[in-house]
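Lettering of chains follows the sequences in order, A, B, ..., and the numbering in each one begins at 1.
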Amino acid sequence: MFLYEIKKYTGNKAFWLLALLGLVLKAVVSWNALTVRADFPKEIYRDYMDYLEGEPTEEKSDWILAEQARLWEVIGLHDTYEKMYQNGEMTLDEYIEKNEEYTYARAQQSAFDAVFEKYTYFQETDKRVEYFYDLEILQFFKASGGDFVLICFICFAVAMTRELENPADTKKLIRSMPLGRWPFNRCKLTGALLVGALGSLAGSFIDIGIYGYRYAFPYMNMPLNSIARISGIAYEVPVWVMFVLIPVIRLAHGLFITALVFLLAMLIQRFVLTIFAGVVIFSIPPLLADRIPTGLARFFVPNMTVNSWIAPYVLANLAVIPMVYLVCRRLSEKEGFAIPFL
Amino acid sequence: MELAVENLQKDYKKKRALDGFSCRIQEGVTILLGPNGAGKSTFMNILADLTPRSGGCVSLDGEDIFSMGKKYRKRLGYLPQSPEFYPFFTGRDILKYFARLKELEKDSYDIDALLKSVHLTSAADRKCGGYSGGMKRRLGIAVAMLGSPDILIMDEPTAGLDPRERLLFKRNIKRMSENRIIIMATHIISDAEDIASRILLLKEGKNIGEGTIDELTQAVISESGQEQVDLDDVYMHWFGEELEMDDVLV
């Protein structure tokens, strides 16, 4: 029975079209989301981090403090040089040279702020940390681009397959069968969860594939706690663990969405309304993220900013599935179940 | 084998669809006759355990069918008016799938024979999306017949079938009716005449008459004084009071 359930997806050309469209859209969105954006010159930051790469030492700390002093000095002297030039104590060539030094120091300063922030964090933490160029990794962690594509894919795929059984007489025919109630719906739920899981994993593989293609997985064995943003992680694990954990979180989220959309499809029994309700439910929290409690927003949409709330989030997501399971069971066994007002 | 229906009642929001309906249905073909809205479909939906009743009871050989659940549905074949099938499944896939839903053992049914009986052998491996209305209907009949159920409930099974298919269907039903209960609703009087063992007349959710064709025609003869009466006349006798025959014939 389960294989037939899978066939209801794979036998449908519209499903393959939807999957292809979803994958292409996800790839485009992810390509954009994985582009490193920083409000300071990335190359300068990279130079700093390449120079400092490795465990923090006294020498490195001294160097950072010295560099900070140097930058402050160059920036602080700018006004003095300007006055000197205005007073004729400096030639134009000398002034241009000093001004270029100043401009470069300003650029360095903005990148150095990120280095210094890291230095401060390293001074405070008691966990194993190392200096390394982490902007790309950070971008991967915070990129949730394409999750909306996943939501749409799941809503369409699940509602589309459920729609095949929505005509009243088809439903009657199925319900008249010995296994046409809960066992039938259990198979449907399992099939939907499999599709949701595959969609979610495909999305994660696209992200990881694009990341590998663009950045080639450097620094995978560096300690994860080196990235201040993830400092809530209690365990001392290398960066690559997060590259495994994020697909797991996405998988939990994919299953969560699928279970809820399945329940909606069962309750609403209308293709368009199910898709509409599903997309609205999962889209409102991020759209109103500033106005609603962050915890609630994150419950519905995974934000890849990863810290200590990961475990409760994953558990909360997965806990929905047994709940949906029980509600669906009740609905499918209930005689003549229908939503009269729809 | 006997289905006993006692004082069955079904209320919708603004309408009473079945109003103290009682009857006993034995093996053979029982045809439900009545105008639209008489309660035929509601009655069949309740018999197929698809719609909750508002009152009364239905028992199969003394056992309440609603508490039998899956055990009852295992003995049931049901054909609704216009079921849709998965358009990208072949006819053979559909039968195999519904055989699984009926929890049938692989050696307990013969898909090729079933397809042959509904004249779908040549279309067995074609996708249902390309089937005509009549072919879908025949496939539905094959699904209902899967596993040779003890009770077969069919809502207007011959609607949309061409004369040859109807003939084939009626032969199959006659052949199958020996040791099982077959309940059919139809508006085609000639079908009822050809295959009915008994006829149940429904009007406004009530059982207004039942019996064999002979019993029903005799009743009309004795009431109306006509010399020769057929099932059309019986139908008109009970349900045609608002119809001006002259208008229809013009």
Side-chain angles (χ1 to χ4, degrees), chain A residues 1-19 157-188 190-191 269-271 329-342, chain B residues 10 12-13 41-42 44-54 66 68-90 93-94 96-104 127-129 136-137 139-141 143-144 146-147 149 151-156:
Chain A
M1 236 162 87
F2 179 69
L3 291 179
Y4 283 104
E5 207 51 57
I6 297 302
K7 196 173 174 175
K8 287 178 198 170
Y9 288 93
T10 57
N12 192 346
K13 280 180 191 162
F15 171 78
W16 289 111
L17 193 68
L18 187 69
V158 172
M160 191 167 70
T161 307
R162 187 86 213 180
E163 176 68 2
L164 297 170
E165 287 130 6
N166 276 344
D169 279 349
T170 308
K171 228 166 1 196
K172 280 185 196 170
L173 181 62
I174 293 166
R175 284 177 59 79
S176 73
M177 304 280 159
L179 300 181
R181 297 185 183 187
W182 173 236
F184 167 78
N185 280 308
R186 187 182 54 209
C187 269
K188 284 204 82 63
T190 315
Q269 304 178 30
R270 299 282 190 284
F271 176 60
R329 178 167 194 156
R330 174 81 187 109
L331 292 178
S332 64
E333 289 294 348
K334 198 177 165 190
E335 290 175 51
F337 165 71
I339 301 288
F341 57 85
L342 290 172
Chain B
K10 175 67 189 175
Y12 292 110
K13 270 182 188 170
S41 292
T42 303
M44 284 192 292
N45 285 339
I46 292 174
L47 286 188
D49 192 16
L50 295 169
T51 304
R53 70 209 187 278
S54 308
F66 307 112
M68 285 170 79
K70 187 173 148 186
K71 197 173 117 191
Y72 173 69
R73 294 200 300 274
K74 271 186 126 170
R75 299 176 66 181
L76 179 76
Y78 174 69
L79 174 68
Q81 272 185 17
S82 46
E84 288 294 326
F85 296 106
Y86 307 99
F88 38 86
F89 277 28
T90 64
D93 286 339
I94 292 288
K96 281 184 185 169
Y97 178 51
F98 279 98
R100 288 292 304 123
L101 279 174
K102 276 197 170 181
E103 227 179 359
L104 298 175
K127 289 185 175 167
C128 294
K136 283 180 191 168
R137 198 95 196 119
L139 185 60
I141 292 167
V143 169
L146 260 170
I151 303 158
L152 198 51
I153 299 173
M154 294 186 278
D155 200 351
E156 298 188 37

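Within the 4.5 Å cutoff, the side chain of A:Leu173 has no heavy atoms near those of the B:Leu79 side chain.
Here the straight-line distance linking atom CZ of B:Phe88 with atom NZ of A:Lys13 works out to 11.5 Å at 0.5 Å rounding. B:Ile153 contributes atom CD1, which lies 11.5 Å from atom NZ of A:Lys172 (distance to the nearest 0.5 angstrom). In this structure, OG on B:Ser41 lies 8.5 Å from CG on A:Asp169, to the nearest 0.5 angstrom. Once rounded to the nearest 0.5 Å, the distance linking CG of A:Leu164 with OH of B:Tyr86 reads 7.0 Å. Here A:Lys171 contributes atom NZ and B:Glu84 contributes atom CD; the two are 13.0 Å apart, rounded to the nearest 0.5 Å. Remark: B:Glu103 CD to A:Met1 CE distance equals 9.0 Å, nearest 0.5 Å.
Using a 4.5 Å cut-off between heavy atoms, B:Asn45 contacts chain A through its side chain alone, with no backbone atom that close. At a 4.5 Å heavy-atom cutoff, B:Pro149 makes no contact with chain A through either its backbone or its side chain. Proximity to chain A involves both the backbone and the side chain of B:Tyr97, based on heavy atoms less than 4.5 angstrom apart. With a threshold of 4.5 angstrom between heavy atoms, B:Phe98 approaches chain A through its backbone and through its side chain.
For A:Lys7, the NZ atom counts as densely surrounded, since its 6.0 Å shell holds more than 12 non-hydrogen atoms of other residues, nucleotides or ligands.
A cation-pi arrangement is absent between B:Lys96 and A:Tyr4, since the terminal nitrogen or guanidinium carbon is not both under 6.0 Å from the aromatic centre and inside a 45° cone about the axis.
Between A:Ser176 and B:Leu50 the shortest heavy-atom distance is N-CD2, 3.7 Å. The two residues A:Met177 and B:Arg73 have their closest heavy-atom pair at O-NE, 3.1 Å.
Counting heavy-atom pairs closer than 4.5 Å to chain A, the top residue among B:Arg75, B:Lys74, B:Lys127 is B:Lys74.
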